[in-house]
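Following: one structure in structure tokens, then a few remarks.
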Amino acid sequence: TYYWRVRVAWNQGGIAPEFHMSSRWSTSSFFVYPDYIRLIPDSVFVVEPNYVNVMLHALDGENEGITVLEQDDFELLENDSPISPTESRYQVSKLDQIPSNLQTVLMLDNSLSIGEDNLDSIKNAARSFIRNKAEDQEISIFVFADMVENVIDFSTDTTALLSAIDNIVLTQFSGTDLYSATLTGLAAMENKFSLTQIQQSFMLLFTDGKDLAGRATLDSVLNARGNKQIYAVGVKLNEADFDEPTLRQIGNAATFVDEG
């Protein structure tokens, strides 16, 4: 992940006025971004007397992090006009030395409808993910059907995580409380961005169906998700019980569909 800090000093003193950031398509003689650059603000805070600090990360059109930006690649505008050098100035620096850690929620559907064979495939995928995780990456594992259960809280212990996967069995309940499960996973995820620590989290969601419980709504999931990242994997076993458009709305990072 690639982060920059933009520090703006307002020469008139006092608290700097609120401002918003946007990005535009950019090219240079060294590289071309095929579609656009997305600047994703992660933290905005004001330091008196007159400094605004913005932490952000930059993504290209393929959602890949961009590492080659320099201060000259940024232009700070006020009302679509360059800021006046006599009234304010800005500095851009890359934050590649800040301690960071990654948290992952594995949310696994173990409802009766998914079947033993597909559950085994999901567990094997989870095992592979765990074996290939970063050394300090923390993973928490949940299962859900009609109810949601936290199998193991965030841990870096590969052996304990694999043991938790081994102990997952097919439930005898056929209901799929997809929305409540997703909300539970989102509540466990916390992103932190400061000049002393960066913590990012994402969810890997496996399911074979759509929400059948009705305890929560899609809108509540999308509102709770915000900028948090969800990778959704759908196992399409039954056309009538599989809601691919909704799954794609939930999976804002990426969505994959297995025809079963």
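Heavy-atom basis, side chains included; hydrogens, waters and symmetry copies ignored.
Remark: the backbone N or O of T246 is not paired with any side-chain donor or acceptor of Q249 at under 3.5 angstrom. Under a 3.5 Å cut-off, the side chain of K228 and the backbone N or O of M189 do form a donor-acceptor pair. No side-chain donor-acceptor contact under 3.5 Å links S128 to the backbone of N124. Between the S163 side chain and the T159 main chain, no donor and acceptor come within less than 3.5 Å of each other. Panel note: side chain T182, backbone L178; a donor-acceptor pair is recorded below 3.5 Å. A donor-acceptor pair under 3.5 Å is absent between the side-chain atoms of N252 and the main chain of Q229, judged by distance alone.
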Begin with the C-alpha distance, continue with both residues' side-chain angles, and end with the deciding distance and a verdict on side-chain hydrogen bond (donor to acceptor under 3.5 Å, both in side chains) for D136 and T156.
CA-CA 6 Å; D136 59 350; T156 60; over 6 Å; no
Take T171 and N110 through the test side-chain hydrogen bond (donor to acceptor under 3.5 Å, both in side chains) and record every step on the way to the result.
CA-CA 6 Å; T171 183; N110 70 332; 5.2 Å; no
Applying side chain to side chain contact (heavy atoms under 4.5 Å, CB included) to V257 and V235, what does each step give before you reach the verdict?
CA-CA 6 Å; V257 176; V235 182; over 6 Å; no
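To the nearest 0.5 Å, atom NZ of residue K210 and atom OG1 of residue T176 are 10.5 Å apart. With values rounded to the nearest 0.5 angstrom, D120 atom CG is found 11.0 Å from I168 atom CD1. D243 contributes atom CG, which lies 10.5 Å from atom OG1 of T207 (distance to the nearest 0.5 angstrom). In this structure, the separation between CD1 on I141 and CD on E149 is 11.5 Å, given to the nearest 0.5 Å. Atoms CD and CG, on Q200 and N191 in that order, are 6.0 Å from each other to the nearest 0.5 Å. Put simply, CZ on R131 and NZ on K133 are 13.0 Å apart, with the number rounded to the nearest 0.5 Å.
Ionic pairing of D166 and R127 is present here: one or more N-O contacts between side-chain nitrogen and carboxylate oxygen are shorter than 4.0 angstrom.
You'll find the side chain of S220 reaches within 4.5 Å of the side chain of L183, heavy atoms only. You'll find the side chain of D258 stays beyond 4.5 Å of the side chain of K236, heavy atoms only. When side chains are defined from C-beta on, E138 does not count as touching L102, because their heavy atoms never get closer than 4.5 Å. Inter-residue side-chain proximity for S111 and D146 is flagged as unmet; no heavy-atom pair is nearer than 4.5 Å.
With hydrogens and angles left out, the side-chain atoms of S140 and N150 include a donor and acceptor closer than 3.5 Å.
Looking at every heavy atom in both residues, A232 comes nearest to G251 through CB-CA, 3.9 Å. Minimum interatomic distance between L170 and L119 (heavy atoms only, all atoms of both residues): N-CD2, 3.5 Å. Here the closest heavy-atom approach between residue A188 and residue F154 is recorded as O-CE1, 3.4 Å.
Evaluation of the ring pair (Phe, Tyr, Trp, His ring centres under 6.0 Å) test over residues 226-255, restricted to residues two or more places apart or in two chains, returns F202-Y231. Sorted by first then second residue, the salt bridge (Lys or Arg N to Asp or Glu O under 4.0 Å) pairs that include residues 184-202, not counting sequence neighbours, number zero. Pairs of residues two or more places apart, or lying in two chains, never qualify as salt bridge (Lys or Arg N to Asp or Glu O under 4.0 Å) while including a residue from residues 100-119.
Residue M203 is not grouped with residue V151 when hydrophobic side chains (ILVMFWY) are merged at heavy-atom distances under 4.5 angstrom, including chains of intermediate members. Residues L247 and L106 fall into different hydrophobic clusters, defined by Ile, Leu, Val, Met, Phe, Trp and Tyr side chains chained together at heavy-atom separations under 4.5 Å. Under the 4.5 Å side-chain contact rule for hydrophobic residues, Y179 and L212 do not share a cluster. When the side chains of ILVMFWY residues are joined at heavy-atom separations under 4.5 Å, either directly or via intervening members, I165 and I152 end up in a single hydrophobic cluster. Tracing side-chain contacts under 4.5 Å through hydrophobic residues (I, L, V, M, F, W, Y), one never reaches F256 starting from M107; they form parts of separate clusters.
Contacts of D72 classified as salt bridge (Lys or Arg N to Asp or Glu O under 4.0 Å), with partners at least two apart in sequence or in another chain: none. With sequence neighbours excluded, no residue forms a ring pair (Phe, Tyr, Trp, His ring centres under 6.0 Å) with F142. Legend: residues meeting salt bridge (Lys or Arg N to Asp or Glu O under 4.0 Å) with D177, ordered by chain and number and at least two apart, are R215.
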